Amino acid sequence: MSEFNLSSLSVMMPEIFLAIAAMVLLVAGVLRGNQSTRFICNAAMVALVVALLIMLGCEPSGDIVLNGMFTHDPFTFFMKFLIIIGLIVTLALSVQSLYQDAIIKFEYPILVLFAGIGMLIMVSANDMMSLYVGLELQSLSLYVLASIRRTHLRSAESGMKYFILGAISSGMLLFGISLVYGFTGSTNFDVIASTLAGEVSLGGVIGFVFILAALAFKISAVPFHMWTPDVYEGAPTPVTAFFALVPKIAAMALIIRLLFIPFFAISEQWFQMVWFLSFASMAVGAFAGLRQHNIKRLLAYSSIGNIGYALIGIVAGNEMGLSAILVYLTLYMVMTAGVFGIVLCMRRDGAAVESISDLAGLSRNSPWLAYALALLMFSMSGIPPLAGFFGKFMVFQAAVHSGLYILAVVGVLTSVVAAYYYLRIIKTMFFDEPADKFEGNIEFGRKLVITLSVAFIVLFILNPSPLVEMAQSAVHSLF
Amino acid sequence: MIASLAFYLFAGIVLLSAIMVITARNPVHSVLFLILSFFNAAGLFIILGAEFIAMILVIVYVGAVAVLFLFVVMMLDISFTDLRKGAMQYVPVGLLVGGVLLVELIVMVVGWQVADKASDNMASPIPDANDITNTEALGRVLYTDYVFAFQVSGLILLVAMIGAIVLTHRKRPGVRKQNIVAQQNRTQADAMEIQKVTPGTGV
């Protein structure tokens, strides 16, 4: 038994605070019923802001507490910052749609909070056990959220699909963890790292393959991407926005930590696996997206492709590559927030419409929305001087710097292919015969998210260095 | 001698009943054979000296999971012959996936070696069984060294409960529920009325 020191808990104050806040809000929701949904959404956003402030107040010292289970260093700080912002944005985007789509359930914000706690734990995990419990807390909340609109066949189906495939991936993860434990005798990341540095056996490597496969499922890297389009399409749009914004950042942070701390000794082995994941994700994301008519499915393939670009940074395997990933993920999150803000506005006759052709003539019906979406799409396809260009540029630069010419070339080619479907949306909005107007006014929170997102991607070019420097110093703590 | 006899007895019954689980025609028999195999697996664990896992196996798997299966089988109207109809077409894919996993496992077991440092790395080495029962040994580390994982597991269970309620609870109209406040607030005046009845006319 190790000594327990209460002050060591200070590094996990944001998680503790959020857990308590979620439980208090749960009680409030149970007492006041579903009519308090809006209040609980707002209260959850306030709780997240407070957690963010608490996190800003505690020094990311890199201390490892609770028997080696939990750590908080500049890298986790950066990732947690992104995750909490993502959660706030998700809730800000969802409130109005919950009421429009009649999913008025006070559990929605609470499940988002619990999923968020799970992600924070994943990012901070320094032990296979805390990794697993964090991952399960996150996944279980996401399964429920996917099927929260249970009277709709599509939503129930997507929840079911996600649950079954997610359970299989959890099984693989546990299997891999147990093999690695069997070889090294420990679940602690640092001990695994030092043991693997001494010698590597086939069993340990196979265990690692299972772990990587399970996590590739979570970030939906090809060939573990099958669930993504169906779940994105079937889940209610605010939930899809959540899926697209936050969980992948947490899973990516986890993969980075795993590959660069416990399994760095077998980087020769994982190099080719991640190389393939990256290559295949970029290719499938670009080519499968070409034939999509549903905007949510399109965004699913777009997210698969984007994960492929981000993985290039891991393959590069140095500080430059990793800081490129962090910048890339940040910019991707900002752009996705804006895009989903607009997708959520696509409503006709009291129901959400999701087909790309429904955007026809948006430039005449609501020009502001059309110009915002056009800018976001240009940015997604990586056209300078918008922010999306810099993310791709940094990743490709890191690839070339590490001699990964094939990945860099494939990356550039697939982003040209993917540009077709982004630009097709712009063409539909500006040059097609106008369809009916979208109904309803846009709530303040959603307007704010869209405006901030567009402002960020347009103005990023003026001063990109703060973000890049933050990413560099965050990554520095891993090496 | 007795231990190995017990081992072959338990192991034999586990294997036989596991085969019966998938071959029995009647699903209720399948579940009952499943319970039998759980009990015998628990016996194997006791031979290994892991009495805590044996008890957990009986309590959780037999007490909860298998009984739940039994409920599902007996209460839901599922035609198992219909379910089996389409199953054959997935057999080749299933065999392929299973085969790949099997080959991986064989490769791994053949090439298995434990790192030299592994025994030094163990966070909580198994204590001597003569000093302490393994229930107590687990209890000592579960609430101290692993309290973080334990607490987060608690959160996971809370989410599971919320999820089950969100996805299944529905308000049905026309359900008569007991309203205790209304019952207790009923006074004599609400419930009774004294009528003067004149003889011969009725109420």
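No experiment lies behind these values; they were computed from the predicted model shown. All heavy atoms count here, side chains included; hydrogens, waters and symmetry mates do not.
I110(A) touches chain B through its side chain: at least one heavy atom from C-beta onward sits under 4.5 Å away, while N, CA, C and O do not. Residue I206(A) touches chain B through its side chain alone, counting heavy-atom pairs closer than 4.5 Å. Heavy atoms closer than 4.5 Å to chain B are found in the side chain of L26(A), but not in its backbone. Contacts between V107(B) and chain A at a heavy-atom distance below 4.5 Å involve backbone atoms as well as side-chain atoms. For T187(A), no part sits under 4.5 Å from any heavy atom of chain B, backbone or side chain. At a 4.5 Å heavy-atom cutoff, Y143(A) makes no contact with chain B through either its backbone or its side chain. The contact between I121(A) and chain B is made entirely by side chain atoms (from C-beta outward), counting heavy-atom distances below 4.5 Å. At a 4.5 Å heavy-atom cutoff, the contact between L111(A) and chain B is made by side-chain atoms alone. Proximity to chain B (any heavy atom under 4.5 Å) is shown, for F106(A), by neither the backbone nor the side chain.
Shown here is Y61(B), whose OH atom has no more than 12 heavy atoms of other residues, nucleotides or ligands within 6.0 Å. Atom CD of Q183(B) is surrounded by more than 12 heavy atoms from other residues, nucleotides or ligands within 6.0 Å. Within 6.0 Å of atom CZ in F163(A), 12 or fewer heavy atoms from other residues, nucleotides or ligands are found, so the atom counts as exposed in its surroundings. Counted within 6.0 Å of CZ on F17(A), heavy atoms from surrounding residues, nucleotides or ligands total more than 12; the atom is thus considered enclosed. Heavy atoms from other residues, nucleotides or ligands lying under 6.0 Å from CG of L153(A) number 12 at most.
Among the residues in residues 156-164 of chain B, those with a non-hydrogen atom closer than 4.5 angstrom to a non-hydrogen atom of chain A are I156(B), L158(B), V159(B), A160(B), I162(B), G163(B).
Summarising the geometry of M23(A) relative to L155(B), their closest heavy-atom pair is CE-CD2, 4.0 Å, with the distance given to 0.1 Å. Closest approach of V166(B) to E107(A), counting heavy atoms only: CG2-CG, 3.2 Å. The shortest non-hydrogen separation linking A149(B) to V133(A) is O-CG1, 4.0 Å. Taking every heavy atom of both residues into account, R150(A) and H169(B) meet most closely at NH1-O, 2.8 Å.
When each of G118(A), G198(A), S194(A) is checked for heavy-atom pairs under 4.5 Å with chain B, S194(A) comes out on top. Of the listed residues (I192(A), L179(A), L196(A), I148(A)), the greatest number of heavy-atom pairs within a distance under 4.5 Å of chain B belongs to L179(A). Options F70(A), F114(A), F183(A), Y108(A) differ in how many heavy-atom pairs under 4.5 Å they form with chain B, and the most are formed by F183(A). For the set I117(A), T184(A), V65(A), the count of heavy-atom pairs under 4.5 angstrom toward chain B peaks at T184(A).
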Y132(A) and V152(B): side chain to side chain contact (heavy atoms under 4.5 Å, CB included), yes or no, with the steps? CA-CA 10 Å; Y132(A) 179 70; V152(B) 181; over 6 Å; no
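Here the CZ-CG distance, from R149(A) to L167(B), works out to 14.5 Å after rounding to the nearest 0.5 Å.
In summary, of the residues considered (N67(A), D127(A), L66(A)), a side-chain contact (heavy atoms from CB on, under 4.5 Å) with F148(B) occurs for L66(A) alone.
E104(B) places none of its side-chain heavy atoms less than 4.5 Å from the side chain of V209(A).
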